[in-house]
Amino acid sequence: MIEAINSAMDVALTQDPQVMVFGQDVGYFGGVFRATEGLQRRHGRDRVFDAPISEGGIVAVAVGMGAYGKRPVVEIQFADYIYPATDQLISEAARMRYRTAGEWWSPITVRSPYGGGIFGGQTHSQSPEGIFTHVAGLKTVIPSNPYDAKGLLVAAIEDDDPVLFFEPKRLYNGPFDGHHDRPVRNWSGHPDAQVPQGHYRVELGKARVMREGRDVTVLAYGTMVHVALAAAEETGIDAEILDLRTLIPLDLDAIVRSVKRTGRCVVVHEATRTCGFGAELSALVQEHCFFHLEAPVERVTGWDTPYPHAFEWDYFPGPARLAAALRKCVDT
Amino acid sequence: MHDTESGSQALRRNDPGLHIPEPAFRPGDQPDFSGISLPPAGAVARPSVDIDPSAIRELAFSLIRVLDEGGHARGEWDPQLPADVLIRGLRAMMLTRAYDQRMVRVQRQGKSSFYMKCTGEEAVAVAAALALRRDDMCFPTYRQQGLLLARDWPLIDMMNQVYSNSGDRLKGRQMPVFYSSREAGFFSISGNLGTQYSQAVGWAMASAADGGSRIAAAWIGDGATAEGDFHYALTFASVYQAPVVLNIVNNQWAISSFAGIAGGEQSTFASRGIGFGIPSLRVDGNDFLAVFAVTAWAAERARAGLGPTLIELFTYRADGHSTSDDPTRYRPTTEPSAWPLGDPIERLRDHLVTLGAWSIEQHSTLEQELAEAVRAAGKEAEALGTLKDGPRIPAASFFEQVYKDMPPHLVRQLRESGL
Ligand SMILES: Cc1ncc(C[n+]2csc(CCOP(=O)(O)OP(=O)(O)O)c2C)c(N)n1
Ligand SMILES: [Mg+2]
């Protein structure tokens, strides 16, 4: 998946001279996760470069470049380090178009690895998407596989609104279904790892049905898509699994269509539960599918604690927890 | 690498367009630091602590050095320490290095998830610890483990944290090396760079408000000076004349980014203090005596109610950023050995030998003794568990202390977790 993300930026840099890529360690080194490997060599030092350790500064100058007419793509090294940039994101980028009645806007993309599974402790594991989906004016995208990662990132870069592009770091080098005690797999041979070389887009705001099923709908994104697929297989429950891909704008039609058919819904994310994006999903399902529901909507999430280093696998909502929720939901 | 030729460097532009700083050497290059101007040891005068900061602005651009190439202490900044204090410092630096080596080895064996060494920078923390009072409060980064070791904090307690084992006082919640010890005056290390710097100023303001004599000291890396917190710290320290020693550890690198990416190409890091009216000193960070002397000077100022001091410790990160890093991808393999300011342990050793207070035999005996002490502590710690094999603190403990009292929603989640 990391190569797909790299390729998306490569394509964008090639096709649009206004694209600029920067962030901590992204230039000569190619990023601590290697997402920008080779891009500086190919596109030049003044289009792909290192930034000071100043997340607020990185997003601020991106907003300024956007006002000039550039299309900045910035990397925040870990989503856990995005908080110093929240003022620029929430008060500035998100509202630029609105407060100027369209005179200015912020066509910026903020890429950032998120999520656990690498023993990163509380400051290399967080899933802060819910903080940003709460803000009017920001789009939030989370891919779950290499094909989508490239197509969605190209679409995000080409989008004229500010987009947060959270990359599930545990999926960078292979699919991961939460079975941390099994051998690590890589992407080779995976159907969604066939990534075309050139330009293509996966439109923002479109969910994808990863598995069709009749018993229950699972709403997932990022790493949890793979956990959900494993849980469906291991329980034998005929779950319909939706990969939301974009949280804002959300593909409500796809959700409603599926839940009306199955009559049951489980929402899953790695982020903490209270006021997480699952709360919004659960409310929407209740508003739009109430008369079709045969069981309460279940939420499977990270616990409402910081991400504990040594207890990563007690925190991570793995296939066992999801399986239990699926059983509970279909047995109700 | 900053040096006094920054004026001419400022004129060099990428052609055409945006200026992107580049380090002098990349992999494959032959590093040559002969262009760095190093004033001889003893060349810089030591002002009295109550000097008007505007009279000593040049100290932010010079380099305070005490130990010369022959191992002699020179000039007014020589703190004239008795041999037993020097040996204490030497021992703590050597212990720090032995501890780092062992912890990297166990990380490679999968017994812990991560580790960060401070190789080549041992004097930064150890000399400061000896110059400060034991009850002064330290706000470190992850590279000042030497503070704990110089304050004789038990090795095994640090190892338990690195292993996240059943003896870990932080209950397996933090990544390795993010220690915390209230008893040792060592503030909890954050993963988020820079946050401790401004907090240290707050601690110092509180101490001043109480009329206390305790002061605070903080450390930040060259790279992290770009964070807002660095600027908050200088602003508040200046406005309230807080009793705080603000250290910038310029080890030339921030992961793969050289100091120029943090603004080090245009001026020294120490010079940032000038605009705030804060006395700002630049010191040879590999010179134990010089680091001790400037810290003592700054601490005396703070304790006398004369306000904050900014210190740039000019040093070099001799090893990788962390166990996740491979520095050969972005800098020449020979760069560490080409660094002109030498190794802090060897320099202090040579000084003690010159004084006649130490011998090469004593040195190697101590080296073995410390390696043995670290090995013994490691065995003891591993008996309490490792990340790989446990035992750990019971998992249910991670629901505790999110709040002082566990609120009902967490009580419900703890029950739901089955832990
Ligand atoms: C707010 C924040 N942004 C980014 C990071 C990732 N990061 C960890 S260490 C580091 C480099 C720090 O360099 P420097 O401040 O020079 O300290 P050194 O490692 O050299 O001691 C970076 C970018 C972080 N931990 N926190
Ligand atoms: Mg540094």
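Chain identifiers are assigned alphabetically (A, B, ...) following the order of the sequence lines, protein sequences preceding nucleic acid strands; residue numbering begins at 1 within each chain.
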Contact winner vs chain B - A/Tyr83, A/Phe49, A/Trp303, heavy-atom pairs under 4.5 Å: A/Trp303
Output the residues of residues 319-330 of chain B for which the shortest heavy-atom distance to chain A is under 4.5 Å, in residue-number order; output 'none' if no such residue exists. B/Asp325, B/Arg329, B/Tyr330
Is A/Arg34 close enough and on-axis enough to A/Phe29, meaning under 6.0 Å and within 45°, for cation-pi? yes
Engaged part of B/Ala254 at the chain A interface, taking heavy atoms whose separation is under 4.5 Å: both
Treating B/Arg272 as the side-chain partner and B/His231 as the backbone partner, does any N or O pair qualify as donor plus acceptor under 3.5 Å? no
For the atom pair OG1 (A/Thr305) and CZ (B/Arg173), what is the distance rounded to the nearest 0.5 Å? 9.0 Å
Do the rings of A/Phe176 and A/Trp313 sit parallel, tilted or perpendicular, given the 30° and 60° boundaries? tilted
Applying a strict 4.5 Å limit to non-hydrogen atoms, the region of B/Phe399 in contact with chain A is both
Is there a donor-acceptor pair closer than 3.5 Å between any side-chain N or O of B/Gln174 and the backbone N or O of B/Ile189? yes
Chain B contact via A/Arg47 - side chain, backbone, both or neither, heavy atoms under 4.5 Å: neither
Measure from the side-chain N and O atoms of B/Tyr197 to the backbone N and O of B/Asn247, and report whether any donor-acceptor pair falls under 3.5 Å. yes
Taking all heavy atoms of A/Val227 and all of A/Gly178, pick out the closest pair and write down the distance. CG2-N, 4.0 Å
Parallel, tilted or perpendicular: rings of B/Tyr179 and B/Phe186 (30°, 60°): perpendicular
Which heavy-atom pair separates B/Thr141 from B/Gly221 by the least distance, and what is that distance? CG2-N, 4.3 Å
Does anything in residues 63-80 of chain A reach chain B? List residues with heavy atoms under 4.5 Å apart, or say none. A/Gln77, A/Asp80
Gap separating the CG atom of A/Asn6 from the OG1 atom of A/Thr36, nearest 0.5 angstrom: 7.0 Å
B/Glu312 (side chain) donor-acceptor with B/Ile248 (main chain) under 3.5 angstrom: no
In terms of heavy-atom proximity below 4.5 Å to chain B, should A/Glu312 be classed as side chain, backbone, both, or neither? neither
CZ of B/Arg169: more than 12 outside heavy atoms within 6.0 angstrom? yes
So does A/Ala310 get a backbone contact from the side chain of B/Arg392, meaning a donor-acceptor N/O pair under 3.5 Å? yes
My understanding is that only one of B/Asp389, B/Thr386, B/Asn160 makes a side-chain hydrogen bond (donor to acceptor under 3.5 Å, both in side chains) with B/Asn165; could you say which? B/Asn160
Taking only heavy atoms into account, what residues of residues 402-410 of chain B are found under 4.5 Å from chain A? B/Val402, B/His409, B/Leu410
When only heavy atoms count and the cut-off is under 4.5 Å, which of residues 320-329 of chain A reach chain B? none
Heavy-atom contact with chain A under 4.5 Å, split by part of B/Glu416: both
Part of B/Ile261 lying under 4.5 Å from any heavy atom of chain A: both
Tell me which of these, A/Gly121, A/Ser54, A/Gly27, A/Gly56, has more heavy-atom pairs under 4.5 Å with chain B than the rest. A/Ser54
Aromatic contact between A/Tyr81 and A/His124, with the criterion being ring centroids under 6.0 Å apart: yes or no? yes
Any side-chain heavy atom of A/Ile82 within less than 4.5 Å of one from A/Phe166? yes
Between the side chain of B/Asp229 and the main-chain N/O of B/Ser198, is any donor-acceptor distance below 3.5 Å? no
